[in-house]
Amino acid sequence: MKSVRIVFPNVPHYACIWHLWKNVCGNFKRSRNTLSDLFYSMAKPYRKEDFDKLMAKVDKIDHRVKEYLEDAGYEKWSRVHSTVNRGRMMTSNIAKCINSCLVEARQLSILEFLEEVRILFGSWHCKNREITSYTKDTLGRRFEDVLIINTSKSSKMEVVPLSEFIFSVYEARRRYIVCLERKVCSCGRFQLDEIPCAHAIAVLKEKNVKDMHPYCSDYYKPDALAKTYEIPMVSMPDKEDWSAPEDVVAEIVYPPRYRRLAGRPRKKRKKNADEKITVNTNCCGQCGQKGHNRRTCTFFPKEK
């Protein structure tokens, strides 16, 4: 964390909500079954009023959990308290995906490991740059799906104009205020997701606006994606071509002192009981049902 603060001084540090929840389960085992849904609901709301209501329920169940989450810092795990726009990135799944791709490379030396990392990232970089070169969509596919879902939700909403840019939207006897000029909504989704929410889409439909893409963030558009991969990852020259100072060449670097643990080094992390998912289930080759095979199938008995 110290190194990250030095390299990226303006980037705040946040916590993965999944790992934070595992800490809560380990410290407060009696309350984990009743708090599971409440915790994830607290991490993802778009309004502080909703967060406070959920936190009040947590306080009634176990006040120690509330104190623990307060000490951790609401701004590190709650989307609505975040100091920057955190968006949908609430977990550290991307780090686990990268670690799983580098399991074999961990056995190499430091320089060889870094070269394997560069090759892996370089291949992803080149592939993504090639994909963005022939992408013709106005928005990414994922964000187009979000617009479709929000459009379907806006079908039963009533819109009342208050000014040129400010509108009242009624949904199930509840009123929301939408400002198209500032791109905000009282539900909080429009300004945090930076894509029109269902209430904003209801207003745009009332104004007969067909193209909703100008109200979406530029980060969701192919041009921003192309700029992400426009700089190639150039490899270092061969080791024989390096020109190092004499004092650096003369210096002898010894490996760090450490005590090797007994047994074979673990290549994969130890998963918790709730992470283990059984995927190897036998399926019958004749009927396709699980739990038996072709030889013991009773749906299609063998002809004698």
Side-chain angles (χ1 to χ4, degrees), residues 12-25 27-28 31-93 142-143 145-160 162 166-180 182-204 215-217 220:
H13 173 252
Y14 292 110
C16 171
I17 61 174
W18 190 87
H19 288 95
L20 183 62
W21 169 243
K22 289 304 172 184
N23 293 342
V24 173
C25 293
N27 295 328
F28 313 100
S31 306
R32 61 183 180 181
N33 294 330
T34 56
L35 291 177
S36 177
D37 295 336
L38 281 176
F39 173 79
Y40 285 104
S41 299
M42 283 192 303
K44 299 179 180 180
Y46 291 86
R47 303 192 313 156
K48 290 187 178 181
E49 295 83 358
D50 299 335
F51 178 89
D52 294 337
K53 291 179 181 178
L54 294 171
M55 184 58 73
K57 294 181 181 180
V58 172
D59 191 19
K60 291 181 180 180
I61 297 174
D62 194 339
H63 67 90
R64 299 174 302 166
V65 177
K66 178 183 177 182
E67 296 174 356
Y68 178 82
L69 295 175
E70 284 180 346
D71 295 337
Y74 291 163
E75 71 281 357
K76 290 189 176 181
W77 58 274
S78 173
R79 173 160 46 194
V80 70
H81 291 88
S82 175
T83 56
V84 298
N85 192 348
R86 189 168 179 175
R88 292 181 172 84
M89 298 299 296
M90 305 296 292
T91 62
S92 58
N93 290 341
R142 179 183 302 178
F143 306 108
D145 295 339
V146 173
L147 282 179
I148 293 174
I149 295 174
N150 291 342
T151 302
S152 63
K153 292 180 180 179
S154 65
S155 58
K156 297 182 180 181
M157 297 181 183
E158 181 182 356
V159 179
V160 177
L162 301 178
I166 302 177
F167 297 82
S168 292
V169 180
Y170 292 88
E171 178 189 9
R173 297 182 180 180
R174 186 169 182 175
R175 186 180 67 172
Y176 297 90
I177 306 299
V178 177
C179 180
L180 294 180
R182 296 169 51 201
K183 297 181 181 180
V184 297
C185 178
S186 57
C187 72
R189 293 178 178 269
F190 196 3
Q191 55 268 32
L192 290 182
D193 289 345
E194 298 188 39
I195 194 170
C197 61
H199 312 105
I201 291 179
V203 172
L204 294 174
Y215 295 91
C216 301
S217 173
Y220 302 154

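For reference, positions follow the sequence shown, starting with 1. Worth saying up front: this structure is predicted, and the values here are computed from it rather than measured.
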Distance (rounded to the nearest 0.5 Å) between [X] [atom1] and [Y] [atom2]:
{"X": "Cys197", "Y": "Arg189", "atom1": "SG", "atom2": "CZ", "result": "8.0 Å"}
{"X": "Leu180", "Y": "Cys185", "atom1": "CG", "atom2": "SG", "result": "10.0 Å"}
{"X": "Phe143", "Y": "Asp193", "atom1": "CZ", "atom2": "CG", "result": "9.5 Å"}

Determine whether [X] and [Y] make a side-chain contact, defined as any pair of heavy atoms from C-beta on separated by less than 4.5 Å.
{"X": "Val80", "Y": "Asp50", "value": "no"}
{"X": "Ile177", "Y": "Ser168", "value": "yes"}
{"X": "Ile17", "Y": "Phe39", "value": "yes"}
{"X": "Cys187", "Y": "Tyr46", "value": "no"}
{"X": "Leu20", "Y": "Lys76", "value": "no"}
{"X": "Leu38", "Y": "Leu35", "value": "yes"}
{"X": "Val159", "Y": "Val178", "value": "no"}

Does [Y] offer a backbone N or O that forms a donor-acceptor pair with the side chain of [X] under 3.5 Å?
{"X": "Asp62", "Y": "Arg64", "result": "yes"}
{"X": "Ser186", "Y": "Tyr176", "result": "no"}
{"X": "Ser82", "Y": "Arg79", "result": "no"}
{"X": "Asp59", "Y": "Lys66", "result": "no"}

Qualifying residues under side-chain hydrogen bond (donor to acceptor under 3.5 Å, both in side chains), relative to Tyr220, sequence neighbours excluded: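 Here no residue qualifies.
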By ring pair (Phe, Tyr, Trp, His ring centres under 6.0 Å) - contacts of His81 (at least two apart): Phe51, Tyr74
Set of ring pair (Phe, Tyr, Trp, His ring centres under 6.0 Å) partners for Tyr170, sequence neighbours left out: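 Per chain and number, Tyr170 pairs via ring pair (Phe, Tyr, Trp, His ring centres under 6.0 Å) with no residue.
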List the atom of [X], the atom of [Y], and the distance in Å for their closest heavy-atom pair.
{"X": "Ala43", "Y": "Met90", "answer": "O-CE, 3.2 Å"}
{"X": "Asn23", "Y": "Tyr68", "answer": "CB-OH, 3.2 Å"}
{"X": "Ile201", "Y": "Leu147", "answer": "CD1-O, 3.8 Å"}
{"X": "Gln191", "Y": "Val184", "answer": "OE1-CA, 3.3 Å"}

More than 12 heavy atoms from other groups under 6.0 Å of CG on Asp71: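 Count over threshold, so yes.
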Arg47, CZ atom: more than 12 neighbouring heavy atoms under 6.0 Å: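 Check passes, neighbour count above 12.
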Polar contact flag, side-chain donor to acceptor under 3.5 angstrom, Tyr14-Ser92: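 Ser92 and Tyr14 do not have a side-chain donor-acceptor pair below 3.5 Å.
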